[in-house]
Novice: 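I have a structure I would like to understand better, so I am pasting it below and will then ask my questions one at a time.
First listed ligand is number 1; within each ligand, the first listed atom is number 1.
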Amino acid sequence: MFDVEKIRADFPILKREIYGKPLVYFDNGATSQRPARVIAKMDDYYLNWNANVHRGVHYLSNVCTDGNEEARRTVRDFIGAASEKEIIFTRGTTESINLVAYSFGERFIGKGDEILVTEMEHHADIVPWQMLCERKGAVLKVLPFTDEGVLNLEALDRLLTNRVKLVGVVHASNVLGTVNPVREIIEKAHAAGAKVLVDAAQSIAHTEIDVQALDCDFLAFSGHKIYGPTGVGVLYGKEALLEEIPPWQGGGEMIREVRFEKTTYNDLPFKFEAGTPDFIGIIGLGEALKYVGGIGLKAIGAYEGELLKYATGRLLEIPDFRIFGTAPEKSALISFQVGTIHPLDLGTLLDRMGIAIRTGQLCAEPIMQHYGVHGMARASFAMYNTREEIDIFCEAIRKTGALFEGGKA
Ligand code: PMP
């Protein structure tokens, strides 16, 4: 049995009231909340153990180094990586993708080469590739999606020429919710000689990921979307590939020997971790993954799937309610418009009722262009959300619609 009340009790913020109303937090796609045990773990390290990692011979430094490296092994096991050398700590998904765009790009991308991304990528999986293309004279190609929000895999066969060196694909879209068939895409890309980076920012907290079963070359995610701290994320890369590509940032930690004539670099994963890492954040992320692992992503995914089904059914009863993204494989978020109500007005009115949703272009302007809209509203669910909250949300939307004369204002 999935005990949502027990889970809710782990998150102190969920007891808050906003404008005197119980908080309904439906902005988990932007960032999730953190359970008390993650905050307590970080507090403990700051209060009792703090010292810089990988440097000192002293007690505290060793404790933090051990904590940092234990978290790396936790990440390794969480995503099924073959080795902890394949786990690089970054600031988040965005930095992980930029690292690959720089390092892989430096080594493997030349004039006339192609990078293929999908039309439903977050800006973080578009702009770094555009910058790379500008630097190298390479070309960015785009795999389109249908109005339902499903990638056009026939176009993939056509687009995967032997000039494509890398495919960037989002596992679960932060706007459409679509869970993409990444295994199939990876197989096709590999057959065409391209490497694949999977943006797992929106899937990591909702579905089990096994990087070896997927056979992805790179995978990126952020700690703050899986109940961990902000400012910490992960880049997974296959060891052989990480060995081949150059470091990105230079500084302490990433070196073996520094001479003015020539510097040599450290082994994996440290070659990609210049400077003092956010080791207490990393330890917090390890704690968050242990917490999620204890509940189990299968159970979480099943529960959230039920929430999505319930919410979709109830919301579609509301007049003029339009959902963007109706793929059969969908993660627990709903992007929508109600009549002609501006999403910002909708978000502002819901906020007054204690409900937090996201509005605007959702860091995915090409998706807005696909549908010819300026913005959307989005409700994104987490394992601690409930049917009762969805009822409150539906009622609030009905009230807002009525304010705008049935959504036709
Ligand atoms: N990709 C996707 C699909 C996302 O949803 C997000 C965050 N909204 C990112 C990348 C970027 O993540 P971060 O801001 O944590 O680097």
Novice: Can Ser173 and Thr178 be counted as having a side-chain donor-acceptor contact under 3.5 angstrom?
Specialist: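 Thr178 and Ser173 do not have a side-chain donor-acceptor pair below 3.5 Å.
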Novice: Salt bridge check: are Arg183 and Asp215 linked by an N-O gap of less than 4.0 Å?
Specialist: no
Novice: Is the positively charged end of Arg387 above the ring of Tyr310, judged by distance under 6.0 angstrom from the centroid and angle within 45° of the axis?
Specialist: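 Yes.
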Novice: Closest heavy-atom contact between Gly237 and Leu242?
Specialist: O-CD1, 3.3 Å
Novice: With no hydrogens and no angle check, do the side chains of Ser203 and His171 hold a donor and an acceptor under 3.5 Å apart?
Specialist: yes
Novice: Parallel, tilted or perpendicular: which describes the rings of Tyr371 and Phe145, with under 30° parallel and over 60° perpendicular?
Specialist: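 If you compare the ring of Tyr371 with that of Phe145, the planes turn out tilted.
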Novice: Which protein N or O atoms sit under 3.5 Å from any N or O of ligand 1? Give atom names and distances.
Specialist:
residue: ligand 1; atom: 1 (N); partner: Asp199; partner atom: OD1; Å: 3.3
residue: ligand 1; atom: 1 (N); partner: Asp199; partner atom: OD2; Å: 2.5
residue: ligand 1; atom: 5 (O); partner: Gln202; partner atom: NE2; Å: 2.7
residue: ligand 1; atom: 8 (N); partner: His122; partner atom: NE2; Å: 3.3
residue: ligand 1; atom: 8 (N); partner: Lys225; partner atom: NZ; Å: 2.8
residue: ligand 1; atom: 15 (O); partner: Ser222; partner atom: OG; Å: 2.7
residue: ligand 1; atom: 15 (O); partner: His224; partner atom: NE2; Å: 2.7
residue: ligand 1; atom: 16 (O); partner: Thr93; partner atom: N; Å: 3.4
residue: ligand 1; atom: 16 (O); partner: Thr94; partner atom: N; Å: 2.9
residue: ligand 1; atom: 16 (O); partner: Thr94; partner atom: OG1; Å: 2.6

